[in-house]
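Positions are given from 1, in the same order as the sequence printed here.
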Amino acid sequence: MSEPQQPIVPKHEIRELDAALDAFAELRRTHDALDRHAPGVSGWSCAQHLYHVALATDLALRNVQSLQTGKGLLIVHEGEPTELALRVLREGRYPRGESKAPRMVTPPDEVDRAFLDEEMERNRETVRGLRGNAGSIVAGKGRVPHQVLGPLDALQWLRFAQLHAHHHLAIVRDVAAALR
């Protein structure tokens, strides 16, 4: 029998996501080799990881907002998260190498820095907005399907965004360290 999932506390998830976004912004400002690769660590450069996380976080937060309001074309009222999703949510970490990024959030070979900066700032603004409404983020208003993890509710999308950001932050730090 597996361990039960720890309760998802929106304020905690938002605080942790905000910390990851701060760390990404700092890396974006200070790392001088964003476009270089460390093949032994990852097939993507730091810039590609940042781009991927920026897009994935934007989509995840839009799903949270959509589920908060109950408005959105992607909302479903059937289906359950996959076993991988339940494991990720329960263990509080996203495992490396167990899934491939959906095409819509796969980074290009060359990352448009201006777009990356805009997307990162948009995520920061959205998180600031969610911080003031954390109490309204609840389960039970439907789910929005994730391509790999299955249908997730608003709380699960919020936790996913936070765990996914920290997952890629660890990889980016490993890539940056390998390039030093």
Side-chain angles (χ1 to χ4, degrees), residues 8-66 68 88-89 91-134 137 144 146-149 152 154-180:
I8 299 173
V9 179
K11 285 184 180 184
H12 169 77
E13 303 300 332
I14 291 167
R15 185 173 50 250
E16 290 296 314
L17 178 56
D18 203 25
L21 296 177
D22 283 345
F24 284 126
E26 181 65 18
L27 278 163
R28 172 70 179 94
R29 282 191 303 273
T30 61
H31 188 53
D32 59 352
L34 285 174
D35 293 317
R36 290 182 46 216
H37 288 76
V41 178
S42 175
W44 288 350
S45 68
C46 292
Q48 288 172 306
H49 280 280
L50 292 174
Y51 182 93
H52 167 74
V53 171
L55 290 180
T57 300
D58 180 44
L59 291 171
L61 295 178
R62 285 180 194 223
N63 290 335
V64 170
Q65 291 173 318
S66 177
Q68 277 182 281
V88 165
L89 295 169
E91 294 176 1
R93 66 179 186 80
Y94 204 87
R96 285 191 186 185
E98 287 197 25
S99 59
K100 184 176 177 172
R103 188 178 68 179
M104 65 196 317
V105 293
T106 298
D109 291 336
E110 288 188 38
V111 172
D112 179 331
R113 298 295 177 84
F115 176 79
L116 174 60
D117 290 343
E118 288 173 22
E119 194 67 22
M120 289 174 68
E121 183 53 35
R122 185 176 304 122
N123 287 333
R124 305 291 300 277
E125 289 173 16
T126 303
V127 168
R128 284 191 290 269
L130 288 176
R131 192 180 303 125
N133 297 312
I137 303 172
V144 172
H146 180 280
Q147 295 80 350
V148 174
L149 303 177
L152 304 177
L155 291 173
Q156 292 166 330
W157 271 109
L158 185 58
R159 178 167 277 176
F160 164 76
Q162 183 268 120
L163 295 174
H164 181 259
H166 279 280
H167 166 76
H168 283 278
L169 180 58
I171 297 170
V172 166
R173 285 178 171 157
D174 289 349
V175 170
L179 294 173
R180 286 190 193 105

Closest heavy-atom contact between His49 and Ser42? NE2-OG, 2.8 Å
If the condition is side chain to side chain contact (heavy atoms under 4.5 Å, CB included), which residues does Arg96 pass it with, not counting sequence neighbours? His167, Ala170, Ile171, Asp174
How far apart are the closest heavy atoms of Leu179 and His37, and which atoms are they? CD2-O, 3.4 Å
Does CZ in Arg28 sit with more than 12 non-hydrogen atoms of other residues, nucleotides or ligands closer than 6.0 Å? yes
Is any side-chain heavy atom of Leu27 closer than 4.5 Å to one of Leu169? yes
Could you tell me whether a side-chain N or O of Glu121 sits under 3.5 Å from a main-chain N or O of Glu118, the two making a donor and an acceptor? no
Glu119 and Arg122 ion-paired at < 4.0 Å: yes
Student check: side-chain heavy atoms of Gln162 and Ile14 closer than 4.5 Å: no
Least distance between heavy atoms, Ala154 atom then Val64 atom: O-CG2, 3.6 Å
Set out, in order, the CA-CA distance, both residues' side-chain angles and the distance that settles side chain to side chain contact (heavy atoms under 4.5 Å, CB included) for Leu152 and Asn63, then state yes or no. CA-CA 9 Å; Leu152 304 177; Asn63 290 335; over 6 Å; no
Mind telling me whether Phe115 and Tyr51 have parallel, tilted or perpendicular rings, with 30° and 60° as the class edges? tilted
Checking the side chain of His166 only, and the main-chain atoms of Gly92 only, is there a donor and an acceptor separated by less than 3.5 Å? no
For the residue pair Val148 and Lys100, establish whether any side-chain heavy-atom pair is separated by less than 4.5 Å. no
Students often mix this up, so state it plainly: with edges at 30° and 60°, are the rings of His164 and Tyr94 parallel, tilted or perpendicular? perpendicular
As an exercise, state the distance from CG of Leu163 to CD of Gln156, rounded to the nearest 0.5 Å. 11.5 Å
Distance, nearest 0.5 Å, that separates CG of Asn133 from CZ of Arg128: 14.0 Å
Where Ala54 and Leu116 come nearest, the two heavy atoms and their spacing: CB-CD1, 4.1 Å
Tightest non-hydrogen contact, residues Gly43 and Gln48, listed as O-OE1, 4.1 Å
Are Asp58 and Arg62 close enough for a salt bridge, meaning some N to O gap below 4.0 Å? yes
Please name all residues satisfying salt bridge (Lys or Arg N to Asp or Glu O under 4.0 Å) with Arg93, sequence neighbours left out, ordered by chain then number. Glu91
Side chain to side chain, Val111 and Leu50, heavy atoms closer than 4.5 Å: no
Nearest 0.5 Å, please: how far is CZ in Phe24 from CE in Met120? 7.5 Å
Gap between atom NE2 of His12 and atom CG of Leu158 - 0.5 Å precision: 10.0 Å
Okay, side chain of Trp157, backbone of Val144: is any donor-acceptor separation there less than 3.5 Å? yes
Within the structure provided, determine whether Ile137 and Glu13 are in side-chain contact (heavy-atom separation under 4.5 Å). no
Among Val9, Leu89, Val88, Leu17, find the residue that satisfies the side chain to side chain contact (heavy atoms under 4.5 Å, CB included) test when tested with Arg159. Leu89
Search all heavy atoms of Val105 against all heavy atoms of Ala101 and return the closest pair with its distance. CG2-CB, 4.4 Å
Enter the distance from Gln68:CD to Leu155:CG here, rounded to the nearest 0.5 Å. 9.5 Å
